[in-house]
4 protein chains.
Amino acid sequence: MVRLGSNRYGKAEVRVVHVARSEGSDDLIRDWTVSSALSGDVAACYLTGDNASVLTTDAQKNTVYGFSQRLGDIEPEAFATALAEHFVATQEPITRARVAVLEHPWARIGTLPHSFARTGAHTRSTVVIHDAEQGTSVVGGVEDLVVLNTTNSEFWGFPRDEYTTLPETQDRMLATQVSASWRFASTPADWGAAFDTALATLLATFGGTYSYSLQQTLYAIGEAIIGAVPEICEVRLVLPNKHHFLVDLTPFGQGNDNEVYYAADRPYGLIEGQVLADDAPPEGLAWT
Amino acid sequence: MVRLGSNRYGKAEVRVVHVARSEGSDDLIRDWTVSSALSGDVAACYLTGDNASVLTTDAQKNTVYGFSQRLGDIEPEAFATALAEHFVATQEPITRARVAVLEHPWARIGTLPHSFARTGAHTRSTVVIHDAEQGTSVVGGVEDLVVLNTTNSEFWGFPRDEYTTLPETQDRMLATQVSASWRFASTPADWGAAFDTALATLLATFGGTYSYSLQQTLYAIGEAIIGAVPEICEVRLVLPNKHHFLVDLTPFGQGNDNEVYYAADRPYGLIEGQVLADDAPPEGLAWT
Amino acid sequence: MVRLGSNRYGKAEVRVVHVARSEGSDDLIRDWTVSSALSGDVAACYLTGDNASVLTTDAQKNTVYGFSQRLGDIEPEAFATALAEHFVATQEPITRARVAVLEHPWARIGTLPHSFARTGAHTRSTVVIHDAEQGTSVVGGVEDLVVLNTTNSEFWGFPRDEYTTLPETQDRMLATQVSASWRFASTPADWGAAFDTALATLLATFGGTYSYSLQQTLYAIGEAIIGAVPEICEVRLVLPNKHHFLVDLTPFGQGNDNEVYYAADRPYGLIEGQVLADDAPPEGLAWT
Amino acid sequence: MVRLGSNRYGKAEVRVVHVARSEGSDDLIRDWTVSSALSGDVAACYLTGDNASVLTTDAQKNTVYGFSQRLGDIEPEAFATALAEHFVATQEPITRARVAVLEHPWARIGTLPHSFARTGAHTRSTVVIHDAEQGTSVVGGVEDLVVLNTTNSEFWGFPRDEYTTLPETQDRMLATQVSASWRFASTPADWGAAFDTALATLLATFGGTYSYSLQQTLYAIGEAIIGAVPEICEVRLVLPNKHHFLVDLTPFGQGNDNEVYYAADRPYGLIEGQVLADDAPPEGLAWT
C-alpha cells in the first residue's frame with residue numbers, strides 16, 4: 001500500500017515583460033520569468049484523475065499576465081506576494097502558493113526614452129510562499145553574479161591526507177558565481193532599495209575581504225548583508241569556486257608572475273552556507 | 001550579531017570514466033559525474049579562515065579518481081557509499097558526507113569489444129548521505145528521460161475562474177521529461193537490477209496509464225515502482241508537462257485530426273509529488 | 001556610400017511534431033525543428049522598409065504546419081525540398097529558399113502502439129536549397145553523435161617545437177562528438193535507407209579504424225560513407241577531440257593501467273575536413 | 001575513388017585570463033576564449049596517419065598561454081594576428097592559420113584596484129586569418145548583445161498568401177540579440193577605440209531608427225558602423241527577431257494598452273545580411 005506525500009503543481013517560467021509608459025517620461029521596463037506552484041486539498045487528482053480542485057496551470061499563466069497589467073510597474077517581491085495571496089484567497093482547495101520571480105535587468109541606451117540593452121550582469125530573484133495558516137514568507141536574492149579578485153586571497157594550513165597534493169598558496173586568484181538568497185523577517189520600506197543595498201554590500205564585501213578561504217568570504221558576505229539591511233534575518237549562499245589556475249610556463253622558458261591563468265570549467269569547488277541573525281525568527285516554510 | 005547555520009563544501013562535477021578490461025572479453029565502461037560535499041566541525045574556516053579542518057576539494061577530487069581505480073567496475077550506489085564512508089572515517093572533523101553520481105549511459109557499437117556510442121536517452125543518478133550518527137541513506141533515480149503518449153490522455157472537469165480559458169479535451173498528447181528519485185529502505189541484492197526494474201516499470205507505467213491528468217500519471221508511476229522494487233520505500237517525481245498543442249489549420253482550409261502539433265518550450269506545467277510506501281521508515285537526511 | 005550584399009530572412013526553429021495514425025497499426029512520429037530562409041528581390045525592405053516583397057516569417061511558420069499535415073509521414077529531405085520549392089514557386093520576388101530540418105529520434109516503448117521515449121543518441125539533419133536558376137541541392141547528416149574507442153588509437157611522430165610538451169602515446173582513448181553532413185549528387189531510392197546506411201557506416205568505421213590521428217579517422221569515415229551510399233558525393237565532418245586524459249595516480253601509490261580517465265570539457269582539439277568522390281559534381285549552393 | 005578537400009585542425013576554446021599588474025595602478029584584466037585552426041600541407045595525416053607535419057593542438061594551446069604572457073595587455077585583434085603569423089612563420093607545412101578570440105568583459109567593482117564583476121552585456125569577438133600567400137584579414141565584432149525598443153517599430157504592407165494570418169501593426173516592440181561582424185580594410189590606429197565606436201554606433205542606431213522592418217534596422221546599423229569607423233569596409237549581421245507578443249487580456253475583461261507582452265522563445269524570425277562600402281576590397285579569406 002502506498003500514499004501520496006507532499007506535492008505541488010503549477011506553471012513554470014512564464015516570460016512576461018511589462019512596459020510602463022507615460023507622456024513625457026522615459027519608459028520603465030520589467031522583464032520577468034514567473035513560476036507559480038499551488039498545493040492544498042488536491043489529492044483526488046493524483047489518486048483518481050478528478051480535476052475538480054485543480055486550477056489549471058494555463059489559468060495560472062493567464063493570472064500572471066492579468067496581474068501584470070493591473071499592478072503595473074511593481075517590485076517583484078510585491079508582485080509575487082499579491083499573486084500568491086490571490087490563489088489562496090480565491091481557490092477554496094488551495095491552501096498554499098509559492099511564486100518565484102526572476103527579474104532580468106535592462107539598461108537604458110544613452111538617454112533614449114524607449115531603448116534598452118540587456119545587462120547580463122546578474123538576475124534578481126524572489127520566492128514568496130503564502131500559506132493560509134502559516135502566513136507569508138519573502139526571500140529575495142541574486143543569481144549569476146560573477147565576481148573575481150586578482151589577489152588578496154590565500155589558501156594554506158589545510159590537512160594533508162594521502163590524496164592531498166595541492167600546494168599551499170599565499171596569493172591566488174579568487175572567482176565565484178554568486179547565488180545568494182536572503183530571508184526577510186519584516187517588510188522593508190522599499191523592496192528595490194533593499195535589493196540595491198544587499199547587492200552593493202555583497203559586491204563591496206567580496207572585493208574588500210582579504211580571504212583565507214572561500215568559506216570565510218561566504219560568511220563575511222552573509223554577515224555584511226544582514227548588517228546592511230535590517231529587515232533581512234538570514235542569508236544563504238551557494239558559491240562555486242571558479243578555479244583560475246596559474247599556467248606553468250617554465251617548460252617554455254618563460255616566467256609567470258601571476259599574469260596568465262586558465263579558467264577551468266569542471267570540476268569546481270562548491271561552498272554552501274547559511275548565515276543567520278541571532279534574533280532570526282523560525283524559517284517556517286520560507287525555503288520549501 | 002550573526003551566526004553560522006548549516007553548511008557544506010566539496011568538489012562538484014568530477015568527470016571520471018572507468019574502463020574495465022580483460023583478455024578476451026568486451027570492455028566495460030562507466031562514465032560518471034561525481035560530486036562530494038562534506039560537513040562537520042569546520043566552523044573555524046568560515047569564521048576566521050582557519051583551514052585546519054578542511055580536507056581540500058582538490059583532495060576530494062583525487063579521492064574520486066583513486067577510488068575509481070581501486071573499486072573498478074562497480075554500481076554507482078556502491079561507489080558513492082564507499083566514498084562517503086571514507087571521508088567520514090578518515091577525517092576527524094568531518095561527520096557527514098554527501099556523494100552524488102550521475103551515470104551517463106553508453107551502448108556498444110555492434111559487437112565491437114572496444115567501441116561505444118552515447119545513448120542520450122537518460123541519466124542514471126544516485127545520492128548517498130553518510131552521517132557518523134544517523135547512518136547511511138541511498139537514493140537512486142533517473143533524469144532527462146523524455147517520454148510521450150500520442151493519445152490515451154484527457155483533461156477536463158477542472159474549475160473555471162475568471163482567468164480560465166482553456167477548453168476541456170478528451171484526447172490530448174501527453175509528454176514529459178521525467179526526473180525521478182527513489183529512496184531505498186534496504187539494500188537490494190543488485191543495484192543495477194534494481195535500477196533496471198525501476199526504469200522499465202516507469203516506462204511501462206507511463207505508457208500504460210490512461211491518464212486524466214499528469215498528476216494521476218505521477219502517482220501511478222510512484223506506486224508501480226514501489227510495487228516492483230521491494231527495497232524502494234519512496235519515490236519523488238518532478239514532471240514538467242511538455243505541452244504539445246494541436247495546431248489550428250482552419251485558417252488555411254485544412255483539418256487537423258490529431259496529426260500536427262507544435263512543441264512549446266516555455267511556459268510549461270510542472271507537477272511535483274512524493275509517493276510513499278505505508279511502511280516507509282523516516283526519511284532522515286536522505287533528501288538533504 | 002554603402003550597398004546591400006547577400007542576405008536572407010526566415011523563421012528559425014519551428015518545433016513541429018507529426019503523428020501518423022491508422023486503425024490497427026502503431027503510430028508513427030516525426031519530431032522536427034524546421035528553419036526556412038528566403039532570398040531574392042527583397043532589397044527594398046532593407047533600404048526603405050517597404051515590405052511588399054516580404055512573405056512574413058509568420059506565414060513561413062504556418063506553411064511548415066500546413067505542409068506537415070498535407071504531406072504526412074515523410075522523410076525530412078523530401079519535406080524540405082517540397083517546402084523550398086513552394087516558396088520559390090509561389091512568391092514572385094523569392095528566387096531562393098533554404099530549408100533545414102533537424103529530426104529528433106524517438107523509440108517505441110516496448111510494443112505499446114502510442115508510447116515513445118526520446119533517444120538522445122543523435123539528431124538527423126538535412127539542408128535543402130532550391131534556387132530558381134541553379135536548381136536544388138540536398139545535404140543530409142547527423143549531429144550530436146558521441147562515440148568512443150577505449151583503445152586502438154595511437155598518437156606519435158608529430159613535430160616538437162618550443163611549445164610542444166605532449167608525450168607520444170601508443171595507446172589512448174579516442175572520443176568525439178560527430179557532426180557529419182553529406183551531399184547527394186542524385187536522389188536515392190529511399191532517403192531513410194540512405195540515412196540508415198550512412199549512420200551505420202559511420203559507426204562501424206569509427207569503431208573499426210585503428211587510428212594514428214583523428215584526422216585519419218575522419219578521412220576513413222568520409223571515404224566509407226561515399227562508398228556505402230552511391231548517391232552521396234561528398235562528406236564534411238566536424239570532429240571535436242573530446243579528450244579523455246589518463247589520471248596520474250602515482251602520487252597516491254596507485255597504478256593506472258588504462259583504467260581511470262578524466263573527461264575534459266575545454267579546450268578540445270577540433271578537426272574539420274571534407275572528403276569528395278572523384279566524380280563529385282560542383283557543389284553549387286549546397287553549403288551556403 | 002575519393003580525395004581530401006579543404007580541411008583544418010586546431011585547439012578550440014582555450015580559456016585564458018591575463019592580469020596586468022603594476023605598482024600603484026589598478027589591475028587590468030583580459031578574459032578570453034581563444035581558438036586556433038591550421039591548414040597547409042598536412043594531407044598525409046588524413047591519408048595515412050603520418051603526423052610529421054602536424055603541430056599538436058596541445059602545443060597550440062601552450063602557445064596561446066606563452067603569447068599571452070609575452071604580449072601582455074593587448075587588444076584581441078593584435079593578439080590573434082601575432083599568433084596566426086607565428087604558426088605560419090614557424091611551421092613549414094602550415095600555410096594558413098585562423099585565430100578567433102572571444103573577449104568576455106568585466107567591470108571594476110567601485111574603485112577597488114583588484115576586484116571585478118562580469119558584465120554579461122555582450123561578448124567582443126575577432127577572427128584573424130593569416131595566409132602565407134594571401135596575407136592577413138581581420139574581422140571584429142560583437143555577440144550576445146540583446147537590445148529592445150518599446151515602440152517606434154511598425155510592420156505592415158507585406159504580401160498575404162494563403163498561409164498569412166499575421167495582422168499588420170503600426171506599433172510593436174522590437175527586440176533582437178545582435179551578432180555583428182565587421183571586416184577591416186586597413187588597420188585602425190586603435191583596435192579598442194574602433195570596437196568602442198562600432199558598438200556605440202550599433203546601439204545608438206538600433207535605438208534611433210524608426211523601423212518598418214528588422215531588415216531596415218539591419219541595413220541602418222551596417223551603414224552607420226561603416227560611416228563611423230573608416231577602416232571598416234563591410235558589416236555582417238545576424239539578427240534573430242526576439243518576438244514580444246502583446247497578450248490579449250480581453251477574455252479577462254482587461255485592456256492592454258501596449259503594457260504586457262510575453263517573450264517567446266521559439267520559433268523566431270532570423271534576418272541575416274551584409275552591408276558593404278562601395279569601395280570595399282575583395283573579401284578574400286576573411287569569412288572562411
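Chain naming here is simple, since letters A, B, ... match the order of the sequence lines and numbering starts at 1 in each.
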Please step through side chain to side chain donor-acceptor pair (under 3.5 Å) for the pair A:H114 and A:D27, ending with a clear verdict. CA-CA 6 Å; A:H114 309 298; A:D27 292 341; 2.7 Å; yes
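Contact annotation for D:I29: only side-chain heavy atoms (C-beta onward) come within less than 4.5 Å of a heavy atom of chain A. For D:D73, no part sits under 4.5 Å from any heavy atom of chain A, backbone or side chain. Of the atoms belonging to D:R70, heavy atoms from both backbone and side chain fall under 4.5 Å from chain A. Heavy atoms of D:H244 lying under 4.5 Å from chain A belong exclusively to its side chain. Within the 4.5 angstrom heavy-atom criterion, atoms from both the backbone and the side chain of D:Y262 approach chain A. In this structure, chain D has a heavy atom under 4.5 Å from the side chain of A:F252, while its backbone stays farther away. Only the side chain of D:L249 has a heavy atom closer than 4.5 Å to any heavy atom of chain A.
D:F195 and D:H122 have tilted rings, their planes meeting at an angle from 30° to 60° on a 0 to 90° scale.
Options A:V16, A:D257, A:T119 differ in how many heavy-atom pairs under 4.5 Å they form with chain D, and the most are formed by A:V16. Ranking D:G253, D:A121, D:A20 against chain A, the residue ahead of the rest is D:A121, based on heavy-atom pairs under 4.5 Å. Heavy-atom pairs under 4.5 Å with chain D peak, among A:D144, A:V247, A:V64, A:L112, at A:V247. For the set D:H18, D:Q177, D:Q69, the entry with the most heavy-atom pairs within less than 4.5 Å of chain A is D:Q69. Your options are A:N258, A:I109, A:T63, A:L203, and the one with the most heavy-atom pairs under 4.5 Å with chain D is A:N258. Of the listed residues D:V178, D:N62, D:D265, the one with more heavy-atom pairs under 4.5 angstrom with chain A than any other is D:N62. Among the candidates D:A264, D:P251, D:G207, the residue making the largest number of heavy-atom pairs closer than 4.5 Å to chain A is D:G207.
Of the charged side-chain nitrogens involved, at least one lies within less than 4.0 Å of a carboxylate oxygen, so that A:R30 and A:E75 count as a salt-bridged pair.
Atoms CG and CD, from A:L246 and A:E259 in turn, are 8.5 Å apart once rounded to the nearest 0.5 Å. One finds the CG atom of A:N152 at 12.0 Å from the CE atom of A:M173 (value rounded to the nearest 0.5 Å). With values rounded to the nearest 0.5 angstrom, D:L174 atom CG is found 10.0 Å from D:T209 atom OG1. Here the straight-line distance linking atom CG of D:L148 with atom CZ of A:F116 works out to 7.5 Å at 0.5 Å rounding. Rounding to the nearest 0.5 Å places CZ of D:R15 at 12.0 Å from CH2 of D:W32.
Within the 4.5 Å cutoff, no side-chain heavy atoms of D:L218 are placed close to those of D:L214.
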